[in-house]
Amino acid sequence: MAVREYNPAEIEKKWQDIWEKEGVFRASSEDKTKPKYYALIEFPYPSGEGLHVGHPRSYTALDIIARKRRMEGYNVLYPIGYDAFGLPTENYAIKHKIHPKIVTEKNIARFRQQLKSLGFSFDWSREVNTSDPSYYKWTQWIFLKLFEKGLAYKAEIPINWCTSCKIGLANEEVVGGVCERCGGEVVRKVKSQWMLRITAYAQRLIDDLDLVDYMEKIKIQQRNWIGRSEGAEVLFSITGTDKKLSVFTTRPDTLFGATYMVLSPEHPLLDEEKDRIENWDEVQRYRELAAKKSEFERTEIAKEKTGVPLQGLTAINPATGKEIPIWISDYVLMSYGTGAIMAVPGHDTRDWEFAKKFGLPIVEVVAGGDVTKEAFVDTETGTMVNSGFLNGLQVLEAIEKMIAWLEEKGLGKAKVNYKLRDWVFSRQHYWGEPIPLVYCEKCGWVPVPEDQLPVTLPDVENYVPNEEGESPLANLSEWVNTTCPACGGPAKRETDTMPNWAGSSWYFLRYCDPHNDNEFANLEELNYWTPVDWYNGGMEHTTLHLLYSRFWHKFLYDLGCVPTPEPYMKRTSHGMILGENHEKMSKSRGNVINPDDIINEVGADAFRVYEMFIGAFDQAIPWSQQGLKGCRRFLDRVWRLQDIVVDGDGYSPKFETAMHRTIKKVSEDYERMKFNTAVAAMMTLTNDIHNAGSITRGEMRTLLMLLNPVAPHITEEMWQNLGFPGTIYRQKWPTWDEAKTVEDMVEVAVQVNGKLRGVVNVARGASQEEAKAVVMEHEAVQRALLGKNVVKEIYITDRIYSIVVK
RNA sequence: GCCGGGGUGUUGGAAUAGGUAGACAAUGGGGACUUAAAAUCCCUUGGGUCGUGAGGCCCGUGCGGGUUCGAGUCCCGCCCCCGGCACCA
């Protein structure tokens, strides 16, 4: 029977309508007897450009997992939503004078339509939108809880100021000295900012990585970012005062070699001791210069060390009792440790460079190198010298002994430091969640009462921040001026809004109970659905977004609002899809592929197959229009299998092994995210069946089920055409019999002196004698053995027969 | 500089308890069908070399060594690319 042509446009629409009408992919909150499975993808930012071909890579991958899990009997939650606050929308609104809310709605509508046309099995009834007041009400609520617990505070600190966006950026948002999103210049500017005390959770954020199954490199990135280091805090006396200068060092063993100290230009001691500093003018000039430099200039470019000595101010090395000079230099950062260091030029590269440049003494306290040539920093091999009671010890022993000594003398203590800094949580922009606090002259910062949440964004005329860098909300005196919830007196609202990261830090919780008006999500729902079983997203979010959402989750866990300390049990990341020219896809490079065009050209199923077949899932891969067509040809071949179907519910003897093998290969490869080889296995099977000329109904049935998660429309259509009962999404995932995945006869390679000389067929599990009999009959092998003495024979059952001759 | 991950045909990539390198695609070449084209199908497609032919031989997984009957896979020493961190004391 010849079937009609494969027409994706027609059948894809048909099945999408059926799925929508029957609500087949809704996660059931009623039937909690089944085991649950929560598959999560990073929700998209609904940009004006529409869907990117990168989005479906992640969405198809977890759609495969979600569809397979349903067939395995799980109650699956695979939700979708929109991370809808953000700068591009605001910039578009400014340019076109359209309210960002309207822009967002339009963009979301487009995204939704595009996502639906790809046939993802999302539970559309749980869609969330972070810019919807019913959603951000709870983002504000969580912020207030943080505020209540003292984890949100306002600080007057130098921040990274993007001169182009006119907003403050977190350190994490400054990449290579420029703004992460716009590429604009970033300078340091002092501003009063809301901060979140993520540093309070630093250790737990490291420790609890042991509880989760993340790709190893993601764990490494998390640890790297938090940057824990162990050492000691040491107090140095300042001559002529009763003040102590505290420093952090990871090498307390080298204290005897500390020949000078360096303060950060921002160190408060400078102003405190201004009167003693004889060269104040010079110091002041240096400080001004440093303040002007951007973080980029201060860190990245600074090859040559600069600095100024503080004349009239010296310190005492507590180990040697000697008087040592104090300098200021911008290589010491106020934001790490104590903002001051003890300099050990013999054993620290930076200090060595500084000492060389300014002629400061270099003392060797760890023998093993040549400190006149370079700093000796090895901690494995050195032996302590010139260090009093430490002499003769190894570095690690000396560290311990020195800390004990410092603690005994009250001169210092063991200390752990983290590179992680608190999270700058204020943005001076319109299109974000308003921070729900008011400032009262009498009461200070007062939270907006819970029953008044959400504090909604008022309509404004103009979305541009003013020159002071204040949010456009600051211009609305009617909105800003309010009454204090505590005393009823006059008060002003906070006009800063929250950063993008806010709404995305907890959205996966809202999916569990998206329409709840009384709480962000009901605990019973969370008990069932969380934690997320598998979270896939872009490599670019594996540091910050992951860290922030883990932090919020831990905080909510401490409040008893969520049942687990970690939000995501498993996290994987996919690689980027590049343009055909191997460059990053962008409008300016003119290499952007539009998903709508692809669907029109080859259909959503072929698109999905291609995105999975394109290459290793975690690697960046260039798009190939030719490769795409190859995947369409594959589906055409699958479709034509309908012409050669023959009766038979089971597998034909000829294909029995192949069927069991393919089921195993595909099932396992899906789980390991080796989607490319899973598709290749199905291609091989399809090719072999075409070559054989017929396929039994039983074989067809299995193949359709295996392929369904990748290409759901064509497989459902064929299932129906062939009169199989029901629909694939209600079937049980096929199983394989391990014993049937191997052939009765196996090929064994024959090597002579390591070179392949032939291949023989023997019964599986054949003994060496049986194998040898066949091997020795092989013509090429005989030739290779001619006139030689066999020295050794090695036989690995079912694999290789290796002969060594002389 | 430190920490990860990699270098395999013309291209995307397969293959790691060491055991037939190049699965599956894509490109290129040849052929069938067609008035023709598209589509489809078949053969071929790492390099070199010998042979009329069937077929054989040599080389080949970034480079140089090593271990082994046997190395893309393990060990030592390099080179290069990608990602993360980076004056973090």
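So that the names make sense, note that chain A is the first sequence line, chain B the second, and so on, each numbered from 1. Keep in mind it's a predicted model, so treat the numbers as computed, not measured.
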Take atom [atom1] of [X] and atom [atom2] of [N], then tell me their distance rounded to the nearest Å.
X	N	atom1	atom2	value
A:Met612	B:G13	CE	P	15 Å
A:Gln619	B:G4	CD	C1'	13 Å
A:Leu263	B:C87	CG	C1'	16 Å
A:Glu5	B:U40	CD	C1'	10 Å
A:Asn224	B:G1	CG	C1'	13 Å
A:Asp330	B:A89	CG	P	18 Å
A:Tyr331	B:G1	OH	P	20 Å
A:Arg228	B:C88	CZ	P	18 Å

Legend entry - side chain to side chain contact (heavy atoms under 4.5 Å, CB included) against A:Asn600, all qualifying residues, sequence neighbours excluded: none
Inset, instruction - Can you figure out which of B:C69, B:C58, B:A89 approaches the side chain of A:Thr250 most closely? - result: B:A89
Inset, instruction - When you get a sec, tell me which of B:G12, B:C57, B:G84 is the closest nucleotide to the side chain of A:Arg783? - result: B:C57
Inset, instruction - Please indicate whether A:Lys413 has more than 12 foreign heavy atoms, meaning atoms of other residues, nucleotides or ligands, lying under 6.0 Å from its NZ. - result: no
Inset, instruction - Could you check A:Lys419 against A:Glu216 and say which one's nearest nucleotide on RNA chain B is further toward the 5' end? - result: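 With A:Lys419 and A:Glu216 compared, the 5'-side residue is A:Glu216.
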Legend entry - Contact nearer the 5' end of RNA chain B, comparing A:Tyr336 with A:Ala616: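 On the 5' side of the pair lies A:Ala616.
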ring-ring contact (aromatic ring centres under 6.0 Å, His included) partners of [X], counting only residues at least two apart:
X	value
A:Phe634	none
A:Phe236	none
A:His660	A:Tyr651
A:Tyr201	A:Phe551

I'd like a table of atom pairs between the protein and nucleotides 81-83 of chain B - only N or O on both sides, under 3.5 Å - with the distance next to each one.
none

Legend entry - Mate of B:A25 where both pairing distances stay under 3.5 Å, Watson-Crick or G-U: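 Across any shown strand, B:A25 pairs with B:U11.
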Inset, instruction - Could you please name the partner base of B:G51, counting Watson-Crick and G-U wobble pairs only when both distances are under 3.5 Å? - result: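 Pairing partner: none.
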Inset, instruction - Produce a footprint string for nucleotides 19-25 of chain B: one letter per nucleotide, 5' end first; B if the base is under 4.0 Å from any protein heavy atom, S if only the sugar-phosphate is, - if neither. - result: BB--BBS
Table please: side-chain donor-acceptor pairs of residues 613-622 of chain A below 3.5 Å, with sequence neighbours left out.
none

Legend entry - Heavy-atom side-chain proximity of A:Leu635 to A:Leu707 below 4.5 angstrom: yes
Legend entry - Check: A:Ile64 and A:Met612 side chains under 4.5 Å, non-hydrogen atoms: yes
Compare side-chain N and O positions of [X] against OP1 and OP2 of [N] and report whether any pair is under 4.0 Å apart.
X	N	answer
A:Arg223	B:G4	no
A:Ser229	B:A89	yes
A:Asn691	B:C42	yes
A:Arg757	B:G56	no

Legend entry - For B:G9, glycosidic torsion class - syn if within 90° of 0, otherwise anti: syn
Legend entry - P atoms of B:G77 and B:G4, separation to the nearest Å: 15 Å
What side-chain donor-acceptor pairs closer than 3.5 Å can you find for residues 336-349 of chain A, not counting sequence neighbours?
| unit_1 | atom_1 | unit_2 | atom_2 | d |
| --- | --- | --- | --- | --- |
| A:Tyr336 | OH | A:Ser229 | OG | 3.0 |
| A:Thr338 | OG1 | A:Ser246 | O | 2.6 |
| A:Thr338 | OG1 | A:Ala340 | N | 3.4 |
| A:Thr338 | OG1 | A:Ala340 | O | 3.3 |
| A:His347 | ND1 | A:Phe376 | O | 2.8 |
| A:His347 | NE2 | A:Val365 | N | 2.9 |
| A:His347 | NE2 | A:Val366 | N | 3.1 |
| A:Asp348 | OD1 | A:Arg350 | N | 2.9 |
| A:Asp348 | OD1 | A:Arg350 | NE | 3.1 |
| A:Asp348 | OD1 | A:Asp351 | N | 3.0 |
| A:Asp348 | OD2 | A:Arg350 | NH2 | 2.5 |

